[in-house]
Participant: 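What follows is a structure written as C-alpha coordinates; I'll ask about it next.
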Amino acid sequence: MKIFLIFFLLLGLMDSVSAQCEKAPEIAETGKAVKTLLVTQKKSSETGLSIKARAAGTSWQKKGSEAVVLTVFVNEKYNQDVIMFAGEQSFDYRILLGELKAGRYEITL
(Lines give C-alpha, C1' and ligand atoms only; values in the text may rest on other atoms or scores of the structure.)
Protein backbone atom coordinates (compact mmCIF):
# COMPACT_ATOMS: atom_id res chain seq x y z
CA MET A 1 0.00 0.00 0.00
CA LYS A 2 1.20 3.50 -0.75
CA ILE A 3 0.32 6.66 1.13
CA PHE A 4 0.25 10.03 -0.61
CA LEU A 5 0.48 13.00 1.73
CA ILE A 6 0.13 16.74 1.67
CA PHE A 7 -0.06 18.27 5.11
CA PHE A 8 -0.52 21.59 6.82
CA LEU A 9 0.44 22.52 10.34
CA LEU A 10 -2.05 24.67 12.21
CA LEU A 11 -0.39 26.52 15.08
CA GLY A 12 -2.95 27.56 17.66
CA LEU A 13 -6.60 26.68 17.31
CA MET A 14 -7.70 30.23 16.58
CA ASP A 15 -4.75 31.14 14.34
CA SER A 16 -4.67 30.78 10.60
CA VAL A 17 -2.24 28.42 8.93
CA SER A 18 1.18 29.48 10.22
CA ALA A 19 3.39 26.94 8.51
CA GLN A 20 2.69 24.76 5.57
CA CYS A 21 4.47 22.09 3.64
CA GLU A 22 3.07 21.26 0.25
CA LYS A 23 5.32 19.43 -2.16
CA ALA A 24 4.85 16.60 -4.58
CA PRO A 25 3.05 13.66 -2.92
CA GLU A 26 5.36 11.23 -1.15
CA ILE A 27 5.12 7.47 -1.04
CA ALA A 28 5.48 5.65 2.26
CA GLU A 29 6.99 2.23 2.71
CA THR A 30 6.02 0.21 5.74
CA GLY A 31 7.88 1.46 8.81
CA LYS A 32 9.60 4.37 7.02
CA ALA A 33 9.22 8.08 7.77
CA VAL A 34 7.15 9.75 5.06
CA LYS A 35 7.67 13.36 6.00
CA THR A 36 9.38 15.45 8.65
CA LEU A 37 8.39 19.05 9.26
CA LEU A 38 10.46 21.45 11.36
CA VAL A 39 8.30 24.07 13.04
CA THR A 40 8.95 26.99 15.37
CA GLN A 41 6.12 27.54 17.82
CA LYS A 42 6.05 31.25 18.77
CA LYS A 43 3.85 30.80 21.84
CA SER A 44 2.39 27.97 23.88
CA SER A 45 -0.91 26.73 22.48
CA GLU A 46 -2.95 23.69 21.60
CA THR A 47 -1.71 22.68 18.17
CA GLY A 48 -3.50 20.87 15.40
CA LEU A 49 -2.29 19.14 12.29
CA SER A 50 -4.25 18.72 9.10
CA ILE A 51 -3.05 15.88 6.87
CA LYS A 52 -4.51 15.65 3.38
CA ALA A 53 -3.83 12.11 2.25
CA ARG A 54 -5.00 9.06 0.36
CA ALA A 55 -3.89 5.47 0.74
CA ALA A 56 -3.55 3.69 -2.58
CA GLY A 57 -4.63 0.06 -2.55
CA THR A 58 -6.88 0.26 0.49
CA SER A 59 -10.57 -0.56 0.49
CA TRP A 60 -13.11 -1.52 3.15
CA GLN A 61 -14.60 -3.90 0.58
CA LYS A 62 -11.37 -5.95 0.41
CA LYS A 63 -10.51 -8.04 3.48
CA GLY A 64 -6.98 -7.34 4.73
CA SER A 65 -6.76 -3.99 2.90
CA GLU A 66 -9.21 -1.96 4.99
CA ALA A 67 -6.98 0.97 6.02
CA VAL A 68 -3.49 2.25 6.72
CA VAL A 69 -2.26 3.50 10.10
CA LEU A 70 -0.05 6.58 10.03
CA THR A 71 2.00 7.20 13.20
CA VAL A 72 2.76 10.77 14.33
CA PHE A 73 5.88 11.67 16.35
CA VAL A 74 6.71 15.04 17.92
CA ASN A 75 10.44 15.44 18.64
CA GLU A 76 10.93 11.69 18.10
CA LYS A 77 8.35 10.94 20.79
CA TYR A 78 5.19 8.98 19.91
CA ASN A 79 2.13 11.26 19.75
CA GLN A 80 -0.65 9.20 18.14
CA ASP A 81 -1.82 6.99 15.29
CA VAL A 82 -4.12 8.18 12.51
CA ILE A 83 -6.31 5.57 10.82
CA MET A 84 -6.55 6.53 7.17
CA PHE A 85 -10.02 5.19 6.50
CA ALA A 86 -10.90 6.98 3.24
CA GLY A 87 -8.86 4.68 0.99
CA GLU A 88 -8.14 5.90 -2.55
CA GLN A 89 -10.14 9.09 -1.99
CA SER A 90 -8.15 12.12 -0.82
CA PHE A 91 -9.28 13.13 2.68
CA ASP A 92 -8.35 15.83 5.19
CA TYR A 93 -7.48 14.13 8.50
CA ARG A 94 -7.47 16.72 11.29
CA ILE A 95 -5.80 15.82 14.57
CA LEU A 96 -4.72 17.59 17.75
CA LEU A 97 -1.09 17.23 18.80
CA GLY A 98 -1.76 18.69 22.25
CA GLU A 99 -0.25 21.74 23.89
CA LEU A 100 3.12 22.68 22.45
CA LYS A 101 5.22 25.22 24.35
CA ALA A 102 7.13 27.96 22.56
CA GLY A 103 10.15 26.45 20.79
CA ARG A 104 11.24 24.33 17.83
CA TYR A 105 9.58 21.02 17.01
CA GLU A 106 10.18 18.18 14.60
CA ILE A 107 6.98 16.48 13.49
CA THR A 108 7.47 13.16 11.73
CA LEU A 109 4.87 11.01 10.02
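As a basis for the values below, the full set of heavy atoms in this structure was taken, side chains included, without hydrogen atoms, waters or symmetry mates.
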Participant: For A55 and V68, work out which heavy atoms get closest and say how close.
Facilitator: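 Looking at all heavy atoms of both residues, the shortest contact is CB-CG2, 3.8 Å.
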
Participant: Judged by atom type as modelled, is there a donor-acceptor pair below 3.5 Å linking the side chain of Q89 to the main-chain atoms of G87?
Facilitator: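 Checked: no pair found.
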
Participant: With side chains defined as the heavy atoms from C-beta onward, is the minimum distance between V74 and L100 less than 4.5 Å?
Facilitator: yes

Participant: Has E99 got more than 12 heavy atoms of other residues, nucleotides or ligands less than 6.0 Å from its CD?
Facilitator: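 Counting other residues, nucleotides and ligands, CD of E99 exceeds 12 neighbours.
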
Participant: Just how far is it from atom CG of L96 to atom CG of L49, taken to the nearest 0.5 Å?
Facilitator: 9.5 Å

Participant: So V69 and V82, do their side chains get closer than 4.5 Å, heavy atoms only?
Facilitator: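 A side-chain contact under 4.5 Å is absent here.
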
Participant: Please report the shortest heavy-atom distance between S65 and G57, naming the atom on each side.
Facilitator: CB-O, 3.7 Å

Participant: Give, for atom CD of Q80 and atom CD1 of I95, the distance between the pair rounded to the nearest 0.5 Å.
Facilitator: 4.0 Å

Participant: Distance check, rounded to the nearest 0.5 Å: L37 atom CG versus Y105 atom OH?
Facilitator: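 Here the rounded value is 13.5 Å.
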
Participant: Are S59 and E88 packed together at the side-chain level, in the sense that at least one heavy-atom pair is separated by less than 4.5 angstrom?
Facilitator: no

Participant: Rounded to the nearest 0.5 Å, what separates atom CD1 in I51 from atom CG in L109?
Facilitator: 5.0 Å

Participant: Mind checking whether F91 and K52 have side chains closer than 4.5 Å, heavy atoms only?
Facilitator: no

Participant: Rounded to the nearest 0.5 Å, what's the gap from CZ on F85 to CH2 on W60? Could you check?
Facilitator: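 Between atom CZ of F85 and atom CH2 of W60 there are 9.5 Å.
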
Participant: So, taking the atom named CZ in R104 and the one named CD in Q41, what distance separates them when rounded to the nearest 0.5 Å?
Facilitator: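 CD of Q41 is found 12.0 Å from CZ of R104.
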
Participant: Is the shortest heavy-atom distance from the side chain of I107 to the side chain of L97 under 4.5 Å?
Facilitator: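 A side-chain contact exists here, since the closest heavy-atom pair is under 4.5 Å.
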
